[in-house]
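Structure, as structure tokens:
A quick note: this is a predicted structure, and the numbers were derived from the prediction, not measured. What's counted below: heavy atoms across the whole structure, side chains too, no hydrogens, waters or symmetry copies.
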Amino acid sequence: MVSNEFYTTEYDAVVVGAGHAGCEAALALARTGIKTVMLTLNLDSIAFMACNPSVGGTAKGHLVREIDALGGEMGINADRTALQMRMLNRGKGAAVQSLRSQADKHAYHARMKQTLENTPNLSILQGEAAEVLVKDGKARGVKTAIGEIITAKAVVLATGVYLKGEIVAGEYKQSSGPNGFAPANLLTENLIRLGFNVRRFKTGTPARVDGRTIDYSKCEVQEGETDIYPFSFLSEGVPQRQRRCYLTYTNEKTHEIIRANLHRSPLYSGVIKGTGPRYCPSIEDKVVRFADKERHQIFLEPECADSNEVYVQGMSSSLPHDVQRAMYRTVAGLENVKIMRYAYAIEYDCIDTLDVYPTLEFKKIEGLYTAGQINGTSGYEEAAAQGLIAGLNASLKLRGKEPVILRRDQAYIGVLIDDLVTKGTNEPYRMMTSRAEHRIHLRQDNADFRLTEIGYRAGLAGEERMKRCEERKNAVSRILGKLDERVSPKRAAEFLKKYGFDQLFGGLSYADMIRRGIPAEDIVKEFGILADERRENIETACIDVKYEGYLKRGLEQIEKAKKLEDRKLPADIDYLKIDGLRLEARQKLDKIRPENLGQAGRISGVSPADIAVLMVYLSSR
């Protein structure tokens, strides 16, 4: 590192990193009037999709719709660069249905870079952050590897997997970021000195192969869907012309090759020290952990429109290259495949998020925020969600306004951040619908109803977005009124006979028919109603009708939980001196410093009895 220091332009905020977290953080700051600079190791890595060039998926689609509802960019960018879009879990309940798109990797990067470059208040600078500058317990800017000092009143760290990144494949290990980009080797020591608890995580990616060498006739076709809504509430629809993806499977021969070479796998030889993701394991990990499975699904997905590269989803690996070549060629359709980029694992440094507030501000330094994989998460969507919240809260602080802290009953983003700052994570965190106890309320179809007004009040969601949200609310209300209209007994009885309902006493409303499981599209077609209403608005109204009872009970539970969330815990409480609290509870509460009783109750090691003691303590104060 060069010792000569020189000062450059003053900014209000610095964002370190230009991945999905950094992009959303920088945009949230700049769009709310904050003079911002985004510092990145390489301009060519902006919004780079180092793993699968896909957006959304189970629970992740919810996050993208929420990012969009708040005024973020990921949903718009995914819609504009989609090669294929699908709605996952269509045969299941509305709460677990999730959008997923296969994005054009090059177009996604190029469009996001163009958006950033043309955003007022935002500058982009290529360089490596070496030190976060702190004075009197407050972030004051960043010093780069060449000695450039960028002064600012807020800093957002969104370093992804670049902190001391190391690529691993078999016996081979190299200091590197993803895809051959340079790593960030200088910042970790500074973070440790600042008081961060740093640990080592691991993630991985599969090979990219030449699509011209795949025999697709041996694979199952996976078509896209055109009758679904897009990610963004501002987009008019999904692409009508879409690329195909394909499905194939591993087999016993694949597994034999993997088992025979486990001694060469860095996962099992001890070369890899970092903790990997439980919910996205490598193919060798799958073969060991699920030894009874005869085969595993493999999806073949295009990387972009201007390349022959195909992503082999489901076959992440850190095995040596010769083993990779042999095992890939055992898969149906890949017998003669040529690998263009080999699979690898990557180890990187990240922090313990128990040291971070729900605003994503570091507890020990005012004005320093963290977002994305530095917080121990995995996935573009989780990163973007944190980036938006970190950037927005940094902006709100600089503007002297109250922060945005989303509750668990308000958003999947609220669940994500609450899990991180209350429970922490010992492995790369992945969002899942099962983590959200109020998921029937947190559907992706109603993300705008839940969050757009919050984004608007914070200055991020614009007038056009707020207008569309109000129009959609009015449309859904209008549709619900129409669905409450009753149908004559005779007409209703004739229609219901088609669905096995023989007896009918009195008339029914259209809503009653929906509750009996009759598809809304059949009702619309039969009775000629709602002809001028948009499909997504009809869908939202019908879900509300169908799950009315569950929603009502859920609201009662939410109100009970809110009473605890509303009981704030003073920042100056000395938990170690509260009589009646168990020792473990005292230590956990003292470390995490929860904002309210609700958060306190979700801390591992804090019992209901401890919460009762806290309630008595608060009453005495």
*Would you find more than 12 non-hydrogen atoms of other residues, nucleotides or ligands less than 6.0 Å from Lys591 atom NZ?*
yes
*asked:* Surrounding NZ of Lys253 (heavy atoms of other residues, nucleotides or ligands, distance under 6.0 Å), is the total greater than 12?
replied: no
*With rounding to the nearest 0.5 Å, note down the distance linking CG in Asp322 to CE in Met327.*
10.5 Å
*Asp215 side, atom CG; Thr248 side, atom OG1 - distance, nearest 0.5 Å*: 10.0 Å
_Side-chain donor/acceptor of Asp352 to backbone N/O of Leu354, under 3.5 Å_ = yes
_Donor-acceptor under 3.5 Å (Gln386 side chain, Gly372 main chain)_ = yes
*Do the side chains of Val14 and Met38 get nearer than 4.5 Å, heavy atoms only?*
no
*Ion pair present between Glu189 and Lys164, side-chain N to carboxylate O less than 4.0 angstrom?*
yes
*asked:* Under 3.5 Å, is there a donor on one side chain and an acceptor on the other for Glu294 and Asn251?
replied: no
*Are Lys364 and Asp355 within salt-bridge range, i.e. N to O under 4.0 Å?*
no
*Would you sort out whether Ile417 and Leu360 count as a side-chain contact (heavy atoms from CB on, under 4.5 Å), showing the intermediate values?*
CA-CA 8 Å; Ile417 294 175; Leu360 295 182; 4.0 Å; yes
*Please test Thr254 against Arg329 for side-chain contact (heavy atoms from CB on, under 4.5 Å), starting from the C-alpha separation and ending with a verdict.*
CA-CA 8 Å; Thr254 317; Arg329 289 185 172 181; over 6 Å; no
*Determine whether Ile298 and Gln313 make a side-chain contact, defined as any pair of heavy atoms from C-beta on separated by less than 4.5 Å.*
no
*For residues Gln102 and Asn52, is any side-chain donor paired with an opposing acceptor at under 3.5 Å?*
yes
*Any sub-3.5 Å donor-acceptor pair from Gln84's side-chain atoms to Arg243's backbone N or O?*
yes
*Hey, what's the ring geometry for Tyr342 with His321, parallel, tilted or perpendicular (30° and 60° as the breaks)?*
parallel
*Residues two or more places apart in sequence or in another chain: which of them pass side chain to side chain contact (heavy atoms under 4.5 Å, CB included) with Asp285?*
Tyr268, Pro281, Ser282, Arg289
*Run the ring-centre check on Tyr369 versus Phe362 and record whether the distance is less than 6.0 Å.*
no
*Yes or no on side-chain contact (heavy atoms from CB on, under 4.5 Å) for Ser318 and Leu267, after CA distance, side-chain angles and deciding distance?*
CA-CA 8 Å; Ser318 58; Leu267 279 176; 4.0 Å; yes
*Any luck finding a side-chain donor-acceptor pair between Arg111 and Asn77 under 3.5 Å?*
yes
*For the pair Asn261 (side chain) and Arg264 (backbone), establish whether a donor and an acceptor sit closer than 3.5 Å, ignoring hydrogens and angles.*
no
_Looking at every heavy atom in both Leu334 and Tyr328, which two are closest together, and how far apart are they?_
CB-O, 3.3 Å
*Ion pair Glu382/Arg430, N-O distance below 4.0 Å*: no
*Exam field: side chain Glu361 to backbone Gly367, donor-acceptor pair closer than 3.5 Å*: yes
_For Thr213 and Asn336, which I'm curious about, is there any donor-acceptor pair between the side chains at under 3.5 Å?_
no
_Looking at every non-hydrogen atom in both residues, tell me the closest pair between Gln324 and Ala207 and how far apart they are._
OE1-CB, 4.4 Å
*Please step through salt bridge (charged side-chain N to carboxylate O under 4.0 Å, His left out) for the pair Glu252 and Arg295, ending with a clear verdict.*
CA-CA 7 Å; Glu252 185 52 36; Arg295 63 179 191 174; over 6 Å; no
*Could you grab the distance from atom NZ of Lys60 to atom OH of Tyr412, nearest 0.5 Å is fine?*
13.0 Å
*Do the non-hydrogen side-chain atoms of Ser123 and Tyr11 ever get within less than 4.5 Å of each other?*
yes
*asked:* Counting only heavy atoms from other residues, nucleotides and ligands, does the tally under 6.0 Å from OH of Tyr7 exceed 12?
replied: no
*For the student: nearest non-hydrogen atoms of Lys92 and Gln97, plus distance*: O-NE2, 3.0 Å
*Could you tell me whether the side chains of Thr188 and Asp349 share a donor-acceptor contact shorter than 3.5 Å?*
yes
*Distance under 6.0 Å and angle within 45° of the ring axis: does Arg435 meet both against Tyr429?*
yes
*Working to the nearest 0.5 Å, report the span between OH of Tyr311 and OG of Ser54.*
7.5 Å
*For residues Tyr357 and Val421, report the shortest heavy-atom separation together with the two atoms involved.*
O-CG1, 3.6 Å
*Any donor-acceptor pair under 3.5 Å linking the side chain of Glu24 with the backbone of Gly19?*
no
*Approximate separation, where rounding is to 0.5 Å, of Glu303 CD and Asp104 CG*: 9.5 Å
*asked:* ring pair (Phe, Tyr, Trp, His ring centres under 6.0 Å), that's the test. Do Phe48 and Phe181 meet it? Break it down for me.
replied: CA-CA 11 Å; Phe48 180 70; Phe181 286 115; 5.1 Å; yes
*Nearest heavy atoms of Ala130 and Asn190, plus distance in Å*: O-CB, 3.8 Å
*Which atoms form the tightest heavy-atom contact between Met315 and Thr250, and what is the distance?*
CE-CG2, 4.3 Å
*side-chain contact (heavy atoms from CB on, under 4.5 Å) assessment of Ser316 paired with Ile283*: CA-CA 6 Å; Ser316 295; Ile283 187 62; over 6 Å; no
_Can you tell me how far apart OG1 (Thr81) and CD1 (Ile76) are? Round to the nearest 0.5 Å._
11.5 Å
*With distance as the sole test, does His109 use its side chain to make a donor-acceptor pair with the main-chain N or O of Ile46 at under 3.5 Å?*
yes
*Heavy-atom check, side chain of Thr433 versus side chain of Thr58, under 4.5 Å*: yes
*Do Arg208 and Glu309 meet the salt-bridge criterion of a basic N to acidic O distance under 4.0 Å?*
no
*Any salt bridge between Glu301 and Lys105, counting N to O under 4.0 Å?*
no
*Under a 4.5 Å cut-off applied to non-hydrogen side-chain atoms, are Tyr108 and Met49 in contact?*
yes
_Ion pair Asp418/Arg602, N-O distance below 4.0 Å_ = yes
*asked:* Check this for me, if you would: do Lys113 and Glu117 make a salt bridge, where the nitrogen-to-carboxylate-oxygen distance has to be below 4.0 angstrom?
replied: yes
_Under 3.5 Å: donor-acceptor pair, side chain of Thr353, backbone of Leu420_ = yes
*asked:* Considering only residues two or more places apart or on different chains, which pairs with a residue in residues 173-186 satisfy salt bridge (charged side-chain N to carboxylate O under 4.0 Å, His left out)?
replied: Glu166-Lys173, Lys173-Glu347
*Salt-bridged, Arg259 to Glu284, with N to O below 4.0 Å?*
no
_Given 3.5 Å as the limit, does a donor-acceptor pair link the side chain of Asn118 with the main chain of Gln114, or not?_
yes
_Please determine whether a side-chain nitrogen of the Lys or Arg among Arg244 and Glu220 lies less than 4.0 Å from a carboxylate oxygen of the Asp or Glu._
no
*Would you say Ser98's side chain and Ala59's backbone share a donor-acceptor pair under 3.5 angstrom?*
yes
